[in-house]
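Since the structure is predicted, the reported quantities are computational estimates derived from the model, not experimental observations. Numbering of ligands and ligand atoms starts at 1, following listing order.
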Amino acid sequence: MFPESSTGYSYEDCQSTADWLLSQTAVQPLVGIVCGSGMGGLADGLKDPVAFNYKDIPNFPQSTVHGHAGRLVFGTLKGIPCVCMQGRFHLYEGYAIQKITMPMRIFKILGVKTVILTNAAGGLNQDFKVGDIMIIKDHLNMPGFAGNNPLTGPNDERFGLRFPCMSDAYDRELQQLALDVGSELGFSDFLREGVYCVLGGPSFETIAECRMLNKLGADAVGMSTVHEVIVARHCGMRVFALSLITNKAVMDYDSEEKANHEEVLQTGKHRAEQLERLVSTIVARLEHNNNYA
Ligand SMILES: O=P(O)(O)O[C@H]1O[C@H](CO)[C@@H](O)[C@H]1O
Ligand code: HPA
């Protein structure tokens, strides 16, 4: 039904990739970061970086999307050991859903406790502006409604439960921490909270689809993150996620606007510096609160 839908990576495959990585770097990451489209600069903030091209990592898929460099970078952020995906995988690249989410299981075996995911998204909420940063409080998993869920297939209890809860997917303490940090940094004017909806892509949404998604309760729409969140929660890591609103979803037949990937990458560049400060300050506070678990 879906590409290689029943064949994920085994626990042993993930373990051997994690062992290979740990044999090449002294960094034992506590925080895992995923960079969204055009947000790869987050990884450039890591101190004493050790970087691996995805093509050199055993079992790793390759990045095929412009704006996703395809490197796994280890290093420290404000003294905290981190690993950063400079480029993620998407369903529309043709990978099985188990493959695009496999890095979350590698994170877990590496010792990561908290995952911070970022993405570029179209704003459906009419109050949102391009350049706003939305703290994700919940999601709508549209591919999941059609049966395409990354946990499909045999369940390995070493990763987690057959039926994991998702009502607490986005850690509430971390959402509050991000609001506090955003306020201290003077970012409150462009910091929002909302519901992220994932679609398969790669075509952008029609006007009717955007209207429908907004009516269903989505504030932003994109083509990533949710699958990673499900797998990260399944194996017990804490999750914080945010969307950069890179474009306004077109909701009006009189509009001349057309969604395009160049605009998405451009907006990422404009907000890069603030995004990096927000994420690195949150990471530093994780240490302060000692709230890794
Ligand atoms: O979600 P990220 O990886 O940030 O990328 C977003 O930007 C791309 C579309 O411009 C899509 O891949 C969408 O999901
Ligand atoms: O408008 C969008 N739709 C879907 N994915 C996206 N990623 C960035 N912007 C968008």
*Cation over ring, Arg271 on Phe190, under 6.0 Å and within 45°?*
yes
*asked:* Quick check: do Ser37 and Leu265 have side-chain heavy atoms less than 4.5 Å from each other?
replied: yes
*asked:* If we only consider heavy atoms of Ala249, is any one of them less than 4.0 Å away from an atom in ligand 2?
replied: no
*Give the residue, atom name and distance (to 0.1 Å) of the protein heavy atom nearest atom 7 (N) of ligand 2.*
Ala120 O, 3.3 Å
_Passing candidate, side-chain contact (heavy atoms from CB on, under 4.5 Å) with Leu242, options Leu278, Thr225, Leu117, Asn119_ = Leu278
*Within the side chain of Tyr54, is there an N or O that forms a donor-acceptor pair under 3.5 Å with the backbone of Gly87?*
yes
*Given the rule that I, L, V, M, F, W and Y join up when any side-chain heavy atoms are under 4.5 Å apart, are Val181 and Ile33 in one cluster?*
yes
*How far is atom 14 (O) of ligand 1 from its nearest protein heavy atom, and which residue and atom is that?*
Met223 N, 3.0 Å
*When you look for heavy atoms under 4.0 Å from ligand 1, do you find them on the side chain of Arg88, its backbone, both, or neither?*
side chain
*asked:* Side chain, backbone, both or neither: which applies to Ala121 and ligand 2 if a contact is any heavy-atom pair less than 4.0 Å apart?
replied: backbone
*asked:* Using a 4.0 Å cutoff against the non-hydrogen atoms of Val264, which atoms of ligand 1 qualify?
replied: 7 (O), 10 (O)
*Using a strict 4.0 Å cut-off to heavy atoms of Val264, name the atoms of ligand 2 that fall inside it.*
8 (C), 9 (N)
*Could you list the atoms of ligand 1 found under 4.0 angstrom from a heavy atom of Gly36?*
4 (O)
*Please state which protein non-hydrogen atom is closest to atom 1 (O) of ligand 1 and give its distance, to 0.1 Å?*
Ser224 OG, 2.5 Å
*Quick one: does NZ or CZ of Arg71 land under 6.0 Å from the six-membered ring centre of Phe52, within 45 degrees of the ring axis?*
no
_Counting non-hydrogen protein atoms only, what is the nearest one to atom 12 (O) of ligand 1? Give residue, atom name and distance._
Tyr92 OH, 2.6 Å
*For ligand 2, does Asn247 get within less than 4.0 Å through its side chain, its backbone, both, or neither, judged by non-hydrogen atoms?*
side chain
*Quick one: nearest non-hydrogen protein atom to atom 4 (C) of ligand 2, plus distance?*
Glu205 OE2, 3.2 Å
*Starting from atom 10 (C) of ligand 2, locate the nearest protein heavy atom and write down its residue, its atom name and how far away it is, to 0.1 Å.*
Gly122 N, 3.4 Å
*Would you say Gly222 and ligand 1 have an N/O pair spaced under 3.5 Å apart?*
no
_Tell me which one of Asp171, Asp168, Thr114 satisfies side chain to side chain donor-acceptor pair (under 3.5 Å) with Arg238._
Asp171
*Of all the atoms in ligand 2, which lie at a distance below 4.0 Å from a heavy atom belonging to Met223?*
4 (C), 5 (N)
*What is the nearest protein non-hydrogen atom to atom 5 (N) of ligand 2, stated with its residue, atom name and distance?*
Gly222 CA, 3.3 Å
*Distance from atom 9 (C) of ligand 1 to nearest protein heavy atom, with residue and atom*: His261 ND1, 3.5 Å
*asked:* With a 4.5 Å cut-off on side-chain heavy-atom distances among I, L, V, M, F, W and Y, is there a chain of contacts connecting Val112 to Met104?
replied: yes
*asked:* Is it the case that ligand 1 has an N or O less than 3.5 angstrom from some N or O of Ser37?
replied: yes
*Does a sphere of radius 6.0 Å around OH in Tyr253 hold more than 12 heavy atoms from other residues, nucleotides or ligands, not counting ones at 6.0 Å or beyond?*
yes
_His90 and ligand 1 - part of the residue with a heavy-atom distance under 4.0 Å_ = side chain
*Do the two ring centres, one from Phe159 and one from Tyr11, sit under 6.0 Å apart?*
yes
*At a 4.0 Å threshold, what atoms of ligand 1 neighbour a non-hydrogen atom of Asn119?*
1 (O), 4 (O)
*Does His261 have its ring centroid less than 6.0 Å away from the ring centroid of Phe204?*
no
*Please assess Lys99 against Phe89 for the test side chain to side chain contact (heavy atoms under 4.5 Å, CB included), listing each intermediate value before the final yes or no.*
CA-CA 8 Å; Lys99 212 167 200 165; Phe89 311 110; over 6 Å; no
*asked:* As an exercise, identify every atom of ligand 2 less than 4.0 angstrom from a heavy atom of Thr246.
replied: 8 (C), 9 (N)
_Common cluster, Val221/Phe145, ILVMFWY with side-chain heavy-atom separation under 4.5 Å_ = yes
